[in-house]
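Shown next, in structure tokens, is the structure this report addresses.
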Amino acid sequence: MQNGVQAQVPVLYVADADATRRFYEAFGYSELRTGGDGESRWSYLQCGELTLLVAAVTPRLVTVELPLLIYLYVDDLTATIERLTAAGYAVERTGYPEHAPGGECRTTDPDGNVVVFGQRRAVPEQARSPEDGKEARFSLIREAAKRVSRRGGAPARCQIGGPRGEACPEPAEVKLADSWGDTVWGCLAHADETLLSARGAFLATQDGLGLRAFLRTRQAAPKARTGTARRQRRSS
């Protein structure tokens, strides 16, 4: 029998170790050990057999461009929601997906990392929360739509349309793209339908900072250095 991994310790680099510890305590984590001072603080948290290391280091050892997404399964979804809201954290219900028949919610930790948590134990239909509407499954697309709304630049109307080619009167809220370079703007409902039906489609940013722009900057840099070198040789 081959040797394998014996333990797994996710590490979160955060701005305030104490604030992050208090947040994850609402999920049942408790602090086992802590240490450091000044520009380096860490807190080792545990919940059952699960562990989490929270580190506050200045300057940060790891910098990510976008917030992380953490998924947690909890024993009691309702009790977890109550603890989080009592501590002042906003919680959004996201429905009853197949992988979490007991319900699923979304919140953010003090560093802006998205924390989605669900319950594996199913609940009967009549016990489900009335707050869970059919649009709850659009949570990821809604997040993209919020960013588009803040930045602007979307066309006035959805460009996807109905199954028979009829125009859609809804506003365009998210941009989709595929690996072949095709793009289209859609409303939330048609964007969700397209992502499910077109296997190569994905959410895209609305700006032009893609691979083509990146490659142009890489190709232009050597030319600029060459031109500088030539001018230096001429002056000497």
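Residue C158 comes nearest to C187 through the heavy atom pair SG-N, 3.4 Å, listed as atom of the first residue, atom of the second, then distance. Minimum heavy-atom separation, L52 to P10: CD1-O, 3.6 Å. Minimum interatomic distance between Y89 and A19 (heavy atoms only, all atoms of both residues): OH-O, 4.1 Å. The nearest pair of heavy atoms linking A26 to R83 is O-NE, 2.7 Å. The minimum heavy-atom distance linking A17 with V54 is given by the pair CA-CG1, 3.9 Å.
With hydrogens and angles disregarded, no donor-acceptor distance shorter than 3.5 Å links the side chain of T94 to the backbone of R106. Looking at D178, its side chain never comes within 3.5 Å of a backbone N or O of F202 through a donor-acceptor pair. Under a 3.5 Å cut-off, the side chain of Q119 and the backbone N or O of L77 do form a donor-acceptor pair. In this structure, the side chain of T107 does not engage the main chain of V91 through any donor-acceptor pair within 3.5 Å.
Q46 and T51 are not linked by any side-chain donor-acceptor pair at a separation below 3.5 angstrom, with hydrogens and angles left out of the test. Checking H99 against E104 by side-chain atom types alone, a donor-acceptor pair falls below 3.5 Å.
Residues forming a side chain to side chain contact (heavy atoms under 4.5 Å, CB included) with A122 (at least two apart in sequence, or on another chain): P101.
Here the CG atom belonging to D16 is positioned 11.0 Å from the OG atom belonging to S43, to the nearest 0.5 angstrom. For the atom pair CG of L72 and SG of C47, the computed distance is 9.0 Å after rounding to the nearest 0.5 Å.
Under the 4.0 Å criterion applied to side-chain N and carboxylate O atoms, D18 and R41 are assigned as salt-bridge partners.
Between F117 and F27, the distance from one ring center to the other falls under 6.0 angstrom.
Side-chain contact between E173 and W185 is absent, with no heavy atoms from C-beta onward closer than 4.5 Å. At a threshold of 4.5 Å between non-hydrogen side-chain atoms, the residues L45 and L53 do not count as touching.
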